[in-house]
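Let me begin by presenting the structure, written as structure tokens, before commenting on it.
Just so it is clear, the structure is predicted and the values come from calculations on it, not from any experiment. Atoms within each ligand, like the ligands themselves, are counted from 1 in listed order.
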Amino acid sequence: MQSTILNIGQPKACQMDKKEILSKFSADPERYYMVKLFDDEKFERKSCATCNRFYWTIDGDRINCPDHSDDTYSFIGNPPTKKRFDYTQAWKEVESFFVKNGHTSVNRYPVVCRWRDDLYFTIASIVDFQRVMGSKVVFEFPANPLVVPQTCLRFKDLENVGVTGRHFSSFCMIGQHSIPNSHGYWKDECIDLDYRLLTEQFGVDKKEVVFVEDVWEGGGSFGSSLEFFVNGLELGNAVFTEFQGDLSNYKTLDQQIIDMGAGLERFAWLTMGTPTAYDCCFGPITNNLLQQVGIDANNELLVTYFTKIAKHMEQFGNLSEVRKNAIKSAGLSDEQINKIITPLEGIYLIVDHIRTLIFAISDGALPSNVGGGYNLRMMLRRIISTMDRLSLKFDMNEMIDTQIDYLKNTYPELEKTREDIKTIIRIESGRYENSKLRMEKIVSKLNQKPAVDDLIRLYESDGVTPDYLKEMNVISDIPSTFYSKLSELHQSKKQKEQDQVSLEGLPETELLYYEDDPKEFDAKVIKSFDKYVVLDKTSFYARGGGQEPDHGTIEKFEVVDVNKHGNVIVHELKNGIPKEGSTVSCVVDSKRRDGITKNHTSTHILNSSTRSVLGSWVWQHSAFKEEDHARLDITHHSALTNDEITKIEKLANSIVEKNMSVTIDNFDRGTAEQKYGFKIYQGGIVPVKSVRIVSIEDFDIEACGGTHVKKTGEIELIKITRTKRIQDGVVRIEFVSGGTALDYTKQHDANLIKKSAELKEKTELREKRRGQKQELREKFPILVDGITQSKIGTNIVDGIIVDMTDPGKPNFCSTTSDQYDEFFHISLGEKLIEKDPWMVYCGVFEDGDKVRAIIYSGEQAAKNKKAGDIAKTVSEVLGGAGEGEKTNLKKMMR
Ligand SMILES: [Zn+2]
Ligand SMILES: [Zn+2]
């Protein structure tokens, strides 16, 4: 492992003007640009007759820099090499050249940049080896020198993709990196290698290779660079990161770095001489699609047209201007444009965008409306609307298959996620189709041509892409600034939280919880202020990685919060603080810690369980672990189904049952990354050189600073209590483990038993009533006759008290018999007053723990004061709502 450190994050005011650096460096070429090769091969240093830039060549007749020569893009239709190499073969050539010249070939890093918190996607090969620590960038090389085929994603030139013949949304950067020391080399050898790569390995004529003087600066360091061109095509740029400071005062870096980045697609294009770089970089897929549409991509017309496009890119600022002029100078008819150029551009765009989606989804990114997912959603929507606009009926799965079949020659890892990629693209395409109706409505309300800001707003808030507007003929061209603006908004917006408390000069706290982890210990008070205490050592776990802090006591004071500030642990106490310099006895609440610890290990188990049940795109989004509950937010496209939840829970508990060992090892960060891959960064980046790897055998391996059980069996049980889709692409899983889970299950089971008993009771009651109703239906006429025909005085009929009076006065009839229910009282009351308008009926019955009464007054009786009073009194006793205490009512009825 080789490493070196650079400062980053210098204030804007310190940033230097590249032109100034260039003029300073070019004024002293011997010092900054002269390399041994130029001397050996008798290169001449010239200044461009058009733009005055300095370049190096062995061609005595050359008067212009590559950007301004007549031979610019002359390789189209006439490649300068004898051998032809497509994308896959070109990498094999590059790799074998560097390997035989002492380089280690390193596998590509993920395109999702998990190791940097300021980037969503990997944008250059050098990013692979940069680790940010505070305000510094540390370079960590797994080998020196090395070469890497790094897939890079860049979204700011999206409108050029498919149109210019050479812009891609993702491309392979050949990264050649070296630290000059006993293993690595510096400028002389770098330029010699690059020159020999072109001339010896690829067979380019020495006369065609031109090196142009340039500079690079970024984050407080800078250096010279040499761009190399063949036939006007820039193939690569060798950057020498050499100095630190500013132009008036700079010094050589302790460790310099060679950052040579070259475009693999361009190497292939140069040797193939196809009209565009797309024709030789997507394998058989472009040809397949062209055949489906019936376009011959190799004809003379395309060579002329795309050569013009390439040349015009330097002359005109605006893409539609470039296109218009190329059409004019190539002499294309409208029919040729509509039948050949436009569909061709569409096909190139589709193929490019699919390749980018394949890499991004394979590395765990999901299309969404947040963060880096934005760009992915945009690309898929562009693919679909381009197909719709051009009436192309391509099969998405077939395109993915053809691409992966081709790409796996260089990137075999894509095979593993083939089906997952199809799944995500299918779901996301479906979402877009479903949102079209809404988009149509929004578009129909637009009354004027939207400006760029309107376009951004339309996309951000309504998901309406400019490609859709183009498809609907609302706009004819997508403004050139749209994608760059959108990309600025979403490419690197990851924010970092800053520590607020300053505890300068305090020694690092010794972390006992990473050692013997005693729950009772004595420590010395280093500092105490307000309600805070800093000790020389502590076993109180400080809040971090989603794990809540320990509680307990320091002397007689309660510990309510613990936080980490740099390497100092600060305890927050309640009701006072101990004196500085004193020795205090501390007790960690071990019951609380146990709960949290079980929940933390459970989070790791659930994380791997969800990935294995749902798909490779699942990553931990965030997590939270308290004593009696925890949650894990994962990246996933849809809400979880009951079936999925059951499967996840089952798998997680099978890991608990297997009683797997949980082991903790400390590794050098680079070694850990090489050994386990970037999946270890589930909890985010690790800003330290040494990472703590927590392994649950080979089921789950993560970099993590939390507390964990020693054996998974200690967890006893993991129970998912709730899941919810909390934002686009993120699902929250709430869960409990250990004793809490057992209690939860007990409670849950008890609830189930109670519920089923209640259900049974209800069903039985319903059955009983059904029977009673039938009985009553038969019995009623007799009962009603029996009551209404009772003699004057008090009678009892079937448990009903009947007080009959003289004709023309109210009759009273009531019952509290528990053999009658609500249905009975209603039916009887209705029938009685129908038959005898002087009848007053009151039926009292129990309903749960309440008592209710049903009162009916016949038409005549209702006019009578006494009957009204009784009804009123009953209802008063029952509390107005027809309900009341059992005892009161029974008393009243007597
Ligand atoms: Zn020039
Ligand atoms: Zn963890």
Name, closest N/O/S atom of H604 to the Zn ion (ligand 2): NE2
Parallel, tilted or perpendicular, as decided by the 30° and 60° cut-offs, for the rings of Y33 and F25: perpendicular
K711, NZ atom: more than 12 neighbouring heavy atoms under 6.0 Å: yes
D516, CG: over 12 other non-hydrogen atoms inside 6.0 angstrom: no
The Zn ion (ligand 2) to nearest N/O/S of H600 below 2.8 Å: yes
Within 45° cone and under 6.0 Å: R45 NZ/CZ vs F54 ring: yes
H68 atom (N/O/S) at minimal separation from the Zn ion (ligand 1): ND1
